Amino acid sequence: MSEDIPPTADATARTVPAVAVVDAQSPGNVGTIARSMKNFGFEELLLIDPPELDPDGEAYGYAGHAREDVLPEAEEITFDHLVENYHTIGCTAVTNEDDRSHTRFPYSTPAELADRLPTVEAPTALVFGRERVGLTNAELARIDEICSIPASAAYPVLNLGQAATVTLYELRSLALEATQLPDVERVRAPEATVDRLYGQWDDLLTEINHPDEKRDKTMRMLRRVFGRADLTEREANTLLGLLRRATERPAED
């Protein structure tokens with residue numbers, strides 16, 4: 001990688017990787033990758049020897065809303081420019097996991113990259129290769145590090161668009177501050193409320209004449225079940241109300 005990159009580069013620019021696609025054969029795969037970038041907050045698409053991307057063709061058809069920005073703003077560059085100006089992460093299915101081989105080893109999973117890439121003080125690029133052969137060993141030898149998606153040993157090779165989608169999903173925390181899913185903090189019910197719930201269960205067991213010799217065992221089971229459930233205060237209070245009604249009902253009959 002080139003040493004010309006200024007050390008004072010903006011932190012956001014450093015931690016949101018570009019996505020580079022090398023010599024893709026299918027315009028549809030380029031469009032799929034652009035769409036995945038849009039899904040997970042990535043914006044910079046770099047194309048090395050791309051196929052023709054006709055605005056009325058397959059790439060734009062597959063790109064979804066990424067046809068409005070990510071795809072038309074993609075930059076066509078050379079592989080030399082890529083490795084000279086970016087900290088590069090080559091994505092490959094086959095790692096040849098052996099410390100005697102230094103071309104594709106060692107490697108990280110996408111989840112591991114999500115934790116480590118923010119510390120890289122340089123523009124970064126995730127590099128995806130051709131549909132059939134991926135990145136060549138000669139290309140991987142010029143790349144800074146390797147990333148591989150854990151998959152079945154019997155068939156680890158993913159479609160180019162699938163591989164990019166999985167990788168970008170795992171790295172979404174580098175590009176998105178929020179998603180469409182509500183960030184709701186789950187707060188466990190106060191212990192006093194949970195204790196009242198257990199007391200109410202005990203009252204119900206008494207009311208229905210649950211056998212004395214089984215009472216302790218039943219209560220231990222209920223404590224384990226609700227302990228795993230990690231009840232919120234609202235859930236605990238709702239159950240308390242139901243149990244009170246169930247406890248009082250026999251007396252009404």
Side-chain angles (χ1 to χ4, degrees), residues 1-2 5 9-93 110 113-114 117-118 120 122-136 139-140 142-149 158-177 179:
M1 196 186 80
S2 171
I5 299 166
D10 176 75
T12 302
R14 288 200 307 266
T15 58
V16 181
V19 176
V21 185
V22 178
D23 195 20
Q25 304 300 301
S26 166
N29 275 327
V30 177
T32 297
I33 291 172
R35 179 174 186 149
S36 296
M37 291 174 64
K38 185 80 171 180
N39 287 145
F40 301 119
F42 296 83
E43 299 178 351
E44 185 180 2
L45 177 59
L46 307 173
L47 301 175
I48 294 92
D49 298 324
E52 182 178 354
L53 304 179
D54 184 346
D56 296 320
E58 194 176 66
Y60 279 77
Y62 280 44
H65 286 184
R67 71 170 67 90
E68 300 168 2
D69 43 28
V70 176
L71 195 54
E73 294 172 13
E75 181 181 1
E76 187 170 345
I77 62 172
T78 65
F79 191 80
D80 286 342
H81 178 88
L82 177 69
V83 297
E84 289 169 5
N85 290 277
Y86 290 84
H87 176 84
T88 48
I89 302 101
C91 299
T92 180
L113 282 177
L117 278 185
V120 177
T124 58
L126 303 165
V127 187
F128 297 92
R130 304 155 188 82
E131 288 89 340
R132 190 173 65 84
V133 297
L135 296 167
T136 66
E139 290 165 341
L140 287 169
R142 300 181 65 192
I143 280 174
D144 296 301
E145 56 180 308
I146 301 301
C147 175
S148 188
I149 297 168
L158 278 72
N159 168 275
L160 173 58
Q162 291 175 326
T165 299
V166 171
T167 302
L168 296 176
Y169 166 76
E170 291 284 9
L171 298 179
R172 67 194 183 282
S173 62
L174 303 181
L176 293 175
E177 293 184 1
T179 69

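Please read all numbers here as calculations on a predicted model, not as lab measurements.
- Looking at residues two or more places apart in sequence or on another chain, you find a side-chain contact (heavy atoms from CB on, under 4.5 Å) between Glu68 and His65.
- For Thr167 (side chain) and Pro110 (main-chain N/O), no donor-acceptor pair under 3.5 Å exists by modelled atom type.
- Rounding to the nearest 0.5 Å places CG of Leu168 at 8.5 Å from SG of Cys91.
- When side chains are defined from C-beta on, Leu113 counts as touching Glu145, because their heavy atoms get closer than 4.5 Å.
- Side-chain atoms of Glu75 do not come within 3.5 Å of backbone N or O of Leu47 as any donor-acceptor pair.
- The backbone N or O of Thr32 sits less than 3.5 Å from a side-chain atom of Ser36, completing a donor-acceptor pair.
- Residues meeting the side-chain contact (heavy atoms from CB on, under 4.5 Å) test with Arg67, sequence neighbours left out: Tyr60, Ala63.
- In this structure, CZ in Phe79 is found 7.0 Å from OG1 in Thr88, a value given to the nearest 0.5 Å.
- In this structure, the side chains of Val21 and Val127 stay at 4.5 Å or more apart for every pair of heavy atoms.
- Taking 4.5 Å as the limit, every side-chain heavy atom of Ile89 sits out of range of all side-chain heavy atoms of Asp144.
- Salt bridge annotation for Glu139-Arg130: present, with a cationic side-chain nitrogen under 4.0 angstrom from a carboxylate oxygen.
- Within a 6.0 Å sphere centred on OH of Tyr62, heavy atoms belonging to other residues, nucleotides or ligands number 12 at most.
- Atom CD of Gln25 sits in a crowded spot, with more than 12 heavy atoms from other residues, nucleotides or ligands closer than 6.0 Å.
- Within the 4.5 Å cutoff, no side-chain heavy atoms of Thr165 are placed close to those of Gln162.
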